[in-house]
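Source: prediction; values computed, not measured.
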Amino acid sequence: MFQPRVKLEFVRRYCPPEAGWSVCVDIDPSEEGNTGSERISEASRRRQIEMKTDAPLVHAELAELGANVGKRKHWCQTQGLPYIEGDPDIVAYDRSAMRCLIVEVEGASSGQPEQKLYKAIGQIVRSASSLPQGWKCQLVLVVYGEAIARHLGRVSALEKLSISALALTDQANDDRWLFGAPPVK
């Protein structure tokens with residue numbers, strides 16, 4: 001499951017707009033297979049085609065759910081919601097309970113899982129440094145894939161910073177919270 005689809009599944013399972021969440025998702029061009037040099041191996045070319053094929057489907061499904069994609073600062077301003085510094089993958093606000101989820105996601109990738117994870121940890125720690133006043137905020141690291149989930153399970157000290165960790169799977173019933181609490185539904 002590529003990163004945009006992991007983001008979609010997290011929104012669908014843990015902060016769906018139909019349940020009152022206002023959600024903004026960031027999807028980078030690289031996550032859609034739209035950056036980088038020409039792919040050399042057959043496997044990398046096939047992977048890029050799969051990413052490019054899945055990306056518009058994910059955008060359409062997020063729109064159908066009622067989630068916004070991109071332009072988060074403008075979206076926060078038009079929605080009257082606090083802007084969180086940094087570059088989180090997902091921000092979700094539950095106005096009625098004054099709750100906010102800040103989520104970093106790592107999906108299937110050809111890169112080294114630990115390198116991707118350390119980058120995501122840095123981003124979530126940066127977001128933790130600028131949480132909005134008056135909101136109950138929860139920070140969540142989400143990964144897809146067993147190799148990266150093993151690495152994430154080894155950094156449980158993040159729980160001391162109130163960061164939760166989820167190993168998202170193909171089936172929602174199989175999702176595993178590695179540490180920290182899941183968001184209240």
Same cluster (ILVMFWY, side-chain, under 4.5 Å), [X] and [Y]:
{"X": "L57", "Y": "F10", "answer": "no"}
{"X": "V155", "Y": "I148", "answer": "yes"}
{"X": "V103", "Y": "V25", "answer": "yes"}
{"X": "L158", "Y": "W177", "answer": "no"}

What salt bridge (charged side-chain N to carboxylate O under 4.0 Å, His left out) pairs are there with at least one residue in [range], not counting sequence neighbours?
{"range": "residues 16-27", "result": "none"}
{"range": "residues 78-92", "result": "K7-D89"}
{"range": "residues 128-139", "result": "none"}

Only counting residues at least two apart or in another chain, list the ones meeting salt bridge (charged side-chain N to carboxylate O under 4.0 Å, His left out) with [X].
{"X": "R72", "value": "none"}
{"X": "R150", "value": "none"}
{"X": "R95", "value": "none"}
{"X": "E146", "value": "R176"}

For the [atom1] atom of [X] and the [atom2] atom of [Y], what is their distance to the nearest 0.5 Å?
{"X": "K71", "Y": "C24", "atom1": "NZ", "atom2": "SG", "value": "11.0 Å"}
{"X": "L81", "Y": "Q77", "atom1": "CG", "atom2": "CD", "value": "11.0 Å"}
{"X": "E61", "Y": "L65", "atom1": "CD", "atom2": "CG", "value": "7.5 Å"}
{"X": "Q115", "Y": "E106", "atom1": "CD", "atom2": "CD", "value": "11.0 Å"}
{"X": "I84", "Y": "L101", "atom1": "CD1", "atom2": "CG", "value": "9.5 Å"}

Heavy-atom pair of closest approach, residues [X] and [Y]:
{"X": "Y14", "Y": "L166", "value": "CE1-CD2, 3.6 Å"}
{"X": "G86", "Y": "P88", "value": "C-CD, 3.4 Å"}
{"X": "L152", "Y": "A165", "value": "CD2-CB, 3.5 Å"}
{"X": "C15", "Y": "V23", "value": "O-CG2, 3.3 Å"}
{"X": "C76", "Y": "P82", "value": "SG-O, 3.7 Å"}

ask   = Partners of V58 by side-chain contact (heavy atoms from CB on, under 4.5 Å), sequence neighbours excluded?
value = P4, R5, L8, I27, D54, L62
task = State which residues pass side-chain contact (heavy atoms from CB on, under 4.5 Å) with D94; sequence neighbours excluded, sorted by chain then number.
result = W21, S96, A97, R99
Option among V140, V11, I102 that satisfies the side chain to side chain contact (heavy atoms under 4.5 Å, CB included) test with I90 = V11
ask   = Tell me, do D170 and Y144 make a side-chain contact under 4.5 Å, heavy atoms counted?
value = yes
key: Residue pair W75 / S22, side-chain heavy-atom distance below 4.5 Å   = yes
key: Pairs satisfying side-chain hydrogen bond (donor to acceptor under 3.5 Å, both in side chains), at least one member in residues 153-164, at least two apart   = Q138-S164, H151-R154
request  = Go through the steps to decide whether E9 and L168 satisfy the test side chain to side chain contact (heavy atoms under 4.5 Å, CB included), and finish with yes or no.
outcome  = CA-CA 8 Å; E9 288 305 319; L168 192 122; 3.9 Å; yes
query = Any ring pair (Phe, Tyr, Trp, His ring centres under 6.0 Å) pairs touching residues 86-106, not counting sequence neighbours?
reply = Y93-W135
inquiry  = Using the rule given for side chain to side chain contact (heavy atoms under 4.5 Å, CB included), can you reason through V143 versus L117, listing the C-alpha separation, both sets of side-chain angles and the distance that settles it, and then say yes or no?
reply    = CA-CA 8 Å; V143 298; L117 179 61; 4.3 Å; yes
Expected list for residues 118-127: side-chain donor-acceptor pairs under 3.5 angstrom, two or more places apart:
unit_1: S127; atom_1: OG; unit_2: Q123; atom_2: O; d: 3.3

